[in-house]
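Lettering of chains follows the sequences in order, A, B, ..., and the numbering in each one begins at 1. Given the structure is predicted, the values throughout are model-derived calculations rather than measurements.
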Number of protein chains: 2
Amino acid sequence: MSKTSQQIAEICGVSRGTVDRALNNRPGINPETKEKILQVAEQLGYRPHFLAQSLVKGSTRSIGAVLFDINNRLFPQLVNAIETRASELGYFLYLTLTNKDPEKEKDCLQHLVDRKVDGILLLSVNKGEAFEQFLGKLNVPVVTFGNLVSDGIPFVWVDDRAAIRDAVRHLAAQGYEEIIYLSPPMALAGKTNLYAVEQRYLGFEEAIAETPGLLTDIVLHKGYLEEIDALLRRGDKKKVILCTSDKYALKVLLHLKQKEIRIPQDVGLMGFDNIDTLAYISPALSTIAYSSDDVGTQAVDLLVDRIAGRDVPMRTTIPHRIVQGESI
Amino acid sequence: MSKTSQQIAEICGVSRGTVDRALNNRPGINPETKEKILQVAEQLGYRPHFLAQSLVKGSTRSIGAVLFDINNRLFPQLVNAIETRASELGYFLYLTLTNKDPEKEKDCLQHLVDRKVDGILLLSVNKGEAFEQFLGKLNVPVVTFGNLVSDGIPFVWVDDRAAIRDAVRHLAAQGYEEIIYLSPPMALAGKTNLYAVEQRYLGFEEAIAETPGLLTDIVLHKGYLEEIDALLRRGDKKKVILCTSDKYALKVLLHLKQKEIRIPQDVGLMGFDNIDTLAYISPALSTIAYSSDDVGTQAVDLLVDRIAGRDVPMRTTIPHRIVQGESI
DNA sequence: CTGTTAGCGCTTTCAC
DNA sequence: GTGAAAGCGCTAACAG
């Protein structure tokens, strides 16, 4: 069915070596023979055999992405950015999804390595020394984002701590006297890699330490709607709910609307991520924005640098900014 | 670095042929030698070389997806379903994005074929005979969804025509007297593959033909918000805006809210797709729902059937249903 | 400038 | 039951 360099060689009455020189324009070939070979190849619709080529070259020009959490609204933007940049740089993308299963994540990594990908982009749920060793043994460049795995693996992300600190300062400056900090994923602390979530929490602790007068409530579990109801009934301070992701902020918003609690008159509300669903929400949600495109693009750039053997920074921080909506 | 079957052979003092028999448990090998070989392989951490294996077997157990329109909210669900099913069936997924560029789409297809994918999933912007021939020459199983390319290529999707007919009947039954049909993508008709969009329009024409009393306005261009404003000012029939996707319905909804036009008291609003953003919108948008998971899963199933040489139906229809929200 | 040769790592056929 | 040899399609080193 498909043509081989051998066939071209036969037609042109030369050897495969010569055909190879023509096709990959390497020196040491008569321009005329080269011309002829290229013509024949063209007309035969010759396409190099990727597997054979990769087998001998040891490079596949493909990268693997291992992601969890398709539900996160960042996903499409991230995947888009990754695929686009990879494609620009001549790489193909294997996409694998782990659904937050640590074992499946390891499986995906191993299988990608088996397929000889040149590098891997990883948004991990695994962590710890055993996992770091596992990654090391894979012997392939890895770049992480979202959740840090190791200080020795390049990591691209927002400075979550600083972002939350900024948010708290911003809320305090707006005259809020009590902050309800909402981060249900923290309930899984210790069970899975929650680096980003934990960093945000640390940022919150730091911020309240530097703002003595501020009252705080911390809600880190599934039954958060009930607890918020209870908290809102208590006291008469000017309150705001600070959510560590827009997803939860939106759930809270829906809940408050149903209870006819007004935002921001009765309570303020702030999210994190600036997911694009927000464009359709009213009141416009205040949130922390950053470019998920940048995360994806930079991660690919770093990975390709590593593949090429270049040194890359272990931390790449994507800038964030506070988006002032109508909800605070 | 990585171990080869040759190395195992040497260690065990046998030939590569025997090692192969052990590893791929084929008959004709002494159970004891087999046992030993497997042990050595295990302990060496032997992994078969994917490229070499594929080269000789002619199959890569990978499928390619060629998609446009990452912005469509269906994307995450679709990609999730595709990857999950492919992975269940032992296939890896190459993801390529075309950004609605017909040439890039062809590029992606060609490159995937070069990489010897076993089959391709295609959401196309291309259409027409030349493209069908192009696909034919690729000589690889293809399954399409979203936009039909050819009657000769398996296609998985909703029955858009019936869905819109159902919607119109439903609206008429609710007492609406005038329907504003909103489908801005139709402005590109002829320039790109708009099968789904066009089918919806045909469904609309069919439905109004069977419902004589109904007034209709058809809006098929970018300046739809202004036109809707104008239409709403005119006459005093009970009006509803039927949008061919939730995305536009949400833009309209936001616009109407800003103008303080009440939904559904002043005008009804209906979408199509039931994207998950709707969960956070009020009033709850009425829409047409179908399972994008099913689209992805079935498409993969069909593709794998085709790869295995089995016959598959040329049309697979995913059921739809009307979701009654609060917006009509 | 060009041909020959030897692999890349695996599968598969055919002898023994 | 096992080994030897050929071949998948390509690249690269070495002669000529």
Side-chain angles (χ1 to χ4, degrees), chain A residues 1-41 44-62 110-111 113-118 139-140, chain B residues 1-41 44-62 110-111 113-118 139-140:
Chain A
M1 196 65 252
S2 57
K3 319 299 180 190
T4 70
S5 66
Q6 175 70 281
Q7 293 178 37
I8 301 182
E10 282 164 13
I11 294 176
C12 296
V14 296
S15 74
R16 282 154 69 205
T18 307
V19 171
D20 188 56
R21 276 180 271 259
L23 259 26
N24 300 322
N25 42 268
R26 289 188 316 186
I29 182 172
N30 182 323
E32 286 171 29
T33 21
K34 178 170 178 176
E35 184 61 23
K36 184 177 173 197
I37 291 172
L38 288 179
Q39 267 183 24
V40 172
L44 239 50
Y46 170 81
R47 306 237 107 213
H49 193 297
F50 169 75
L51 297 170
Q53 212 166 246
S54 301
L55 176 58
V56 66
K57 289 220 214 165
S59 145
T60 57
R61 289 202 79 84
S62 30
Q110 182 62 62
H111 282 306
V113 170
D114 287 350
R115 292 198 167 221
K116 309 292 173 191
V117 294
D118 295 344
N139 208 38
V140 66
Chain B
M1 197 65 251
S2 57
K3 318 299 179 190
T4 70
S5 65
Q6 174 71 280
Q7 294 177 37
I8 301 181
E10 281 164 14
I11 293 176
C12 298
V14 297
S15 74
R16 281 151 71 205
T18 306
V19 171
D20 188 59
R21 275 180 271 261
L23 258 26
N24 301 322
N25 43 269
R26 289 188 318 183
I29 182 172
N30 182 325
E32 286 171 29
T33 22
K34 178 169 177 177
E35 183 59 24
K36 184 176 174 199
I37 291 172
L38 289 179
Q39 266 184 23
V40 172
L44 238 50
Y46 171 79
R47 305 237 106 212
H49 193 298
F50 169 75
L51 297 170
Q53 210 166 247
S54 300
L55 177 59
V56 66
K57 289 220 212 167
S59 147
T60 57
R61 289 202 80 83
S62 31
Q110 182 62 63
H111 282 304
V113 170
D114 287 350
R115 291 198 168 222
K116 309 293 174 192
V117 294
D118 294 343
N139 208 39
V140 66

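Counting to the nearest Å, the C1' atom of D:dG3 and the CG atom of B:Asn30 are 15 Å from each other. One interatomic measurement links the two molecules: CZ of B:Arg21 to P of C:dC14, which rounds to 14 Å at whole-angstrom precision. Per the geometry, CD1 belonging to B:Ile29 stands 14 Å off C1' belonging to C:dT11, to the nearest Å. Look at CG on B:Asp114: it is 14 Å from C1' on D:dG9, rounded to the nearest Å. Summarising the geometry, the separation between CG on A:Asn24 and P on D:dA13 is reported as 13 Å, rounded to the nearest angstrom. B:Lys57 places its NZ atom 12 Å from the C1' atom of C:dT12, with the value rounded to the nearest Å. For B:Gln6 and D:dA4, the CD to P distance is 11 Å, given to the nearest whole Å. Whole-Å rounding puts the A:Asp20 CG to C:dT4 P distance at 15 Å.
Phosphate contact (OP1/OP2 of C:dT2, side-chain N/O of A:Thr33, threshold under 4.0 Å): present. Taking only side-chain nitrogens and oxygens, A:Arg26 never comes nearer than 4.0 Å to OP1 or OP2 of D:dT11. OP1 or OP2 of C:dG3 has at least one side-chain nitrogen or oxygen of A:Thr18 nearer than 4.0 Å. Side-chain N/O atoms of B:Gln53 include none lying less than 4.0 angstrom from OP1 or OP2 on C:dG9.
With hydrogens and angles disregarded, a donor-acceptor distance shorter than 3.5 Å links the side chain of A:Asn30 to the backbone of A:Glu32.
The shortest distance between side-chain heavy atoms of A:Lys34 and A:Asn25 falls below 4.5 Å. With a 4.5 Å cut-off on side-chain heavy atoms, B:Ile8 and B:Lys3 do not count as touching.
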Inset, instruction - Let me see the working for B:His111 and B:Arg115 under side-chain contact (heavy atoms from CB on, under 4.5 Å), right down to the final yes or no. - result: CA-CA 6 Å; B:His111 282 304; B:Arg115 291 198 168 222; 5.7 Å; no
Inset, instruction - Would you please test B:Thr60 and B:Phe50 for side-chain contact (heavy atoms from CB on, under 4.5 Å) and show each step? - result: CA-CA 8 Å; B:Thr60 57; B:Phe50 169 75; 4.0 Å; yes
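For the pair B:Leu55 and B:Gly13, both in contact range of DNA chain D, the more 5′-proximal nearest nucleotide belongs to B:Gly13.
Looking at heavy-atom distances under 4.0 Å, B:Tyr46 makes contact with sugar-phosphate atoms alone, never a base.
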